[in-house]
Structures are given as C-alpha cells and as structure tokens.
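Ligands are counted one by one from 1 in listed order, and the atoms in each one are counted from 1 as well. All values derive from a computational prediction rather than experimental measurement.
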Amino acid sequence: MNTYSRLPVTFTHGRGVTLWDTAGKEYLDALAGIAVSGLGHAHPDLVQAISEQAGRLIHTSNLYGVAEQESLATKLSQLSGLDEVFFCNSGAEANEAAIKLARLYGYKKTGLPGAKVIVMERAWHGRTIGTLAATGSEKARHGFEPLPDEGFIRVPYNNMAAIQAVADTQPEIQAVLLEVLQGEGGINIATEGYLKRLREFCTERGWLLMIDEVQSGIGRTGTWFGYQHAGIVPDVITLAKGLGSGVPIGACLAGGQAKGVMGPGNHGTTFGGGPLVSQAALTTLTVMERDALLANAAKVGGYLRAGLENDLCNVAGVVEIRGRGLMLGIELDRPCGELVKEALAAGLLINVTRDNVVRLLPPLILSIADANVLIARLVPLIKQFLSK
Ligand SMILES: *Cc1c(COP(=O)(O)O)cnc(C)c1O
C-alpha cells in the first residue's frame, strides 16, 4: 500500500552509524530508523546473539515457559523498578496494553465499565484505532473516525491546572497517559515540576500514571527511561523502538497501583516476547550497560546540542534547539520538510516532524567525531535553507 512517501534511496548494508546505498554512497545515520537502532548497524554482539538464537529456537508460544523472555523481563524490572512485563511487537501494541490495563483497573476498582484516560495535546501513541484516539495529531486521525474518543480526555501538555480542572468534573478518570519528551509532537519536554506534581496527584486520586517511553526510553535521553530525570516512578511504562535495536519488540511494564491487574486470559499476543526477539533485546541492554551507552548518549548528546547552539542560535529563522541526550529538535520558523532531501544528498539521514522541527535521533554509539561530522553536514544546509 502507498502508506509512505519514500525517499529515493535504498540501503544495502551498514556498520555502526554508517549506511551505504545501492550506488555505494555513504551516509551518516542521524535517525537510527526513528530511534530504533541504538547499537547502530550490524553490531557484532547483536549479530552473533541473533544468529546463535536462531540456530537454537526462534518461536514456541506464550503457552509455554520462554527462558529468554523471563531473563529480559527480570532485566527490565530491575532497570525500571516496575514488577510486571507484558511483551508485544510494537509501540502501538504496548500502548494498547496500557490502555486496556487502565480500563480493567477502573473496572476492578469501581465495578463499573467506562474508565477514562487523560491524554495530551500533540501526543503520539500509535496508529491502531485505539491508540489513534489517544494520539493528538489531527493529520493522523483524519478520515479514520469513528475513533473510540469517549475513552479519552485531552488536555494541554505541561499544564497541571488543566488536569485539576477535569479531575473535579470527570469521575470516570482512572489514568493519565503521556510522553515525558514528545517525539512526533515536536520534541517537547515535560518539566520536572509538572511530572513530580502529576505523580503526587495520580497517587492522591488513585489514578495510574502511564508513561509512553516508546521513543524516549532505552537510553535515548541519557537515562534508561526519560521519566528518571524527574526522579519519579510511574505505574505503567510502554517501550518499543530502541528495545530490540531493530528487531521488533514492544513491552508494557506495570508496577505500583497497576500491579496484579491483568490476569490469565485478559490479554495476549501470538508473537510477543518470543525467544529470538527477547534474546535481541537482552543483548541490546547488556551491550548498552557494558559499553556505558547511557553516559555516551548524555555526553555526545550534550556536545552535539552545544555545537548546534553555537552555530545556529544567532541565525535568523532558528526558533529553538531543544531535547535531551540524543533526542534533539531544531525548531525553525517555517516548514522545512525539503531539508530531509537536501541532507540525503549531503550524506546525512535526518527527519522533520510537525513540519518545522528538524529531528535528530542518532544511534546511541555516536562518537564525538561522528557528532562533528553531523554538525558539519547539517549546519550549512540549515543556514542556506533559511537564507533563501
Ligand atoms: C513510534 C511511537 C509509537 C508507536 O510505535 P509503533 O511501533 O510505530 O507502533 C508510540 N508512542 C511513541 C511515543 C512513539 O514515538
């Protein structure tokens, strides 16, 4: 189906942060398949782990014990402080699981169906019918109505008063779902004060605090999960993109008030958390720890941001450079989609979101030298574009 307007390039292979196309041209990958390939391309440990696992066992079923899945769940539990993990195959499915969990939580608590979830303006939670209702993008939602919108209440981001206002008028609310750093929505950061107050408020009201870490999780911002910068612990988190470093896997984690809500028969998926993908994710986490990639994301991300600020902050048309770790956005004062093609020609893979935000999501193995190449390729393009 014609669901993507694709760029005129096809890659044949990669190594680290570099990709090569069919003509042999080299590219610096500053997008990592949209925050997916954290270990870069063809990472030897990942290749070896997947190959060996494929030779042992690829799939059995969640009807049986799956040792690799259990090890991965234990690891994620240790990293997040949440007790339970459900594995699926994508970010949208992870959020579907979270939304279903919130509904069941409300039902078990009150004996009544109809639990509602507070979601944010500019939120992105996926493209299934359910997660599209939770998503704030009119462009993504358009034409797919009716969406199950009655289960969601949308409020402005970073605005505690808006949440307090709906709390007093809508007794069906049982959860809040948000990204701590909105990705598709334009690299918008929730403030620490807001997140701390929101955590307290959810506890006071008996609501689940559910954080979508599909893009911001797994080291991207310099901590395992973006919420850790605010020192809070949510009840539910969802993961996908970077978790398998390119092998499709999603996860919904539950702790606190969300623990024990789901029981046998409540939810499931055929493929979720099979031996092959679990091994890939486990290896991703192990390599990230061994090679200190969280610290690297923080260090190189800070360096990259400082470099971009230095070169661009006084350029007319640059509104703001924002983000955290290796999740950065450069907001311009005009639509700049054409920069993606210009960067491609210059050997650089980037993305533009919300029409006017250049988005950088490079692999977490990015070095200072790579960051210098990125800056050297990107800055002249932006300057030239804005001077037109
Ligand atoms: C990409 C994304 C999703 C959807 O993930 P898919 O794997 O594409 O279904 C959900 N939430 C956030 C924050 C995302 O960035």
Side-chain angles (χ1 to χ4, degrees), residues 1 3-4 31-38 80 86-102 117-137 139-141 144 147 152 154 157-158 175-190 195 209-221 223-227 229 234 236-253 269 271-273 277 280-281 284 323-329 350-354 357 359-362 364:
M1 285 188 198
T3 56
Y4 283 88
L31 191 59
I34 316 185
V36 169
S37 311
S80 65
F86 172 79
F87 289 106
C88 51
N89 317 285
S90 68
E93 281 173 276
N95 286 323
E96 286 282 346
I99 295 163
K100 284 182 72 176
L101 195 154
V117 178
I118 293 181
V119 290
M120 301 293 148
E121 288 176 2
R122 298 190 175 191
W124 187 274
H125 298 299
R127 290 183 182 270
T128 60
I129 290 288
T131 59
L132 205 48
T135 288
S137 162
K139 203 163 125 190
R141 294 162 50 93
F144 296 103
L147 296 173
F152 300 96
R154 197 171 307 283
Y157 196 55
N158 261 329
V176 181
L177 171 65
L178 81 162
E179 299 147 89
V180 288
L181 209 177
Q182 292 183 327
E184 308 298 312
I187 311 290
N188 314 309
I189 304 189
L195 291 174
L209 177 57
M210 311 203 295
I211 306 221
D212 179 343
E213 291 274 358
V214 169
Q215 192 162 149
S216 56
I218 312 297
R220 178 103 337 242
T221 68
T223 51
W224 283 109
F225 311 105
Y227 66 79
H229 293 286
V236 173
I237 67 174
T238 56
L239 299 171
K241 291 194 167 88
L243 181 55
S245 205
V247 176
I249 180 168
C252 175
L253 281 66
T269 168
F271 292 125
V277 294
T284 300
R324 200 162 223 163
L326 287 172
M327 186 167 177
L328 298 174
I350 58 163
N351 171 256
V352 167
T353 190
R354 264 202 106 78
V357 181
R359 183 168 51 156
L360 302 174
L361 299 163
L364 306 180

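Each of the following atoms of ligand 1 lies closer than 4.0 Å to a heavy atom of E179: 13 (C). Remark: ligand 1 atoms within the under-4.0 Å shell around heavy atoms of K241 are 1 (C), 2 (C), 3 (C), 14 (C), 15 (O). Under a 4.0 Å criterion applied to the non-hydrogen atoms of N95, ligand 1 contributes the atoms 10 (C), 11 (N). Each of the following atoms of ligand 1 lies closer than 4.0 Å to a heavy atom of S90: 7 (O), 9 (O). The ligand atoms of ligand 1 that sit less than 4.0 angstrom from a heavy atom of Q215 are 15 (O).
Considering CD1 of I237 and CG of L209, their distance stands at 11.0 Å, rounded to 0.5 Å. Between atom CG of residue L243 and atom CD1 of residue I249 there is a gap of 5.0 Å, rounded to the nearest 0.5 Å. Summarising the geometry, atom CZ belonging to R127 is positioned 12.5 Å from atom OG belonging to S90; distances are rounded to the nearest 0.5 Å.
In terms of protein heavy atoms, atom 6 (P) of ligand 1 is closest to G91 N, 3.5 Å. Atom 4 (C) of ligand 1 has as its closest protein heavy atom A92 N, 3.7 Å.
Residues V214 and H125 are not in side-chain contact: their nearest non-hydrogen atoms beyond the backbone lie 4.5 Å or more apart.
At least one N or O atom of D212, backbone or side chain, sits closer than 3.5 Å to an N or O atom of ligand 1. In terms of N/O distances under 3.5 Å, ligand 1 is not approached by H125. Considering backbone and side-chain atoms together, W124 places an N or O closer than 3.5 Å to an N or O of ligand 1.
Of the possible polar contacts, none joining the E184 side chain to the G126 backbone as a donor-acceptor pair under 3.5 Å is found. One N or O on the side chain of E213 and one on the backbone of Y227 form a donor-acceptor pair closer than 3.5 Å.
Per-atom contact check: atom 9 (O) of ligand 1 touches the protein, criterion being a heavy-atom distance below 4.0 Å.
With a 6.0 Å radius and a threshold of 12 heavy atoms from other residues, nucleotides or ligands, R141 has its CZ atom above the threshold.
Side-chain N/O atoms of R359 and Q215 include a donor and acceptor closer than 3.5 Å.
If you look at I34 next to ligand 1, there are no close heavy atoms at all, none under 4.0 Å.
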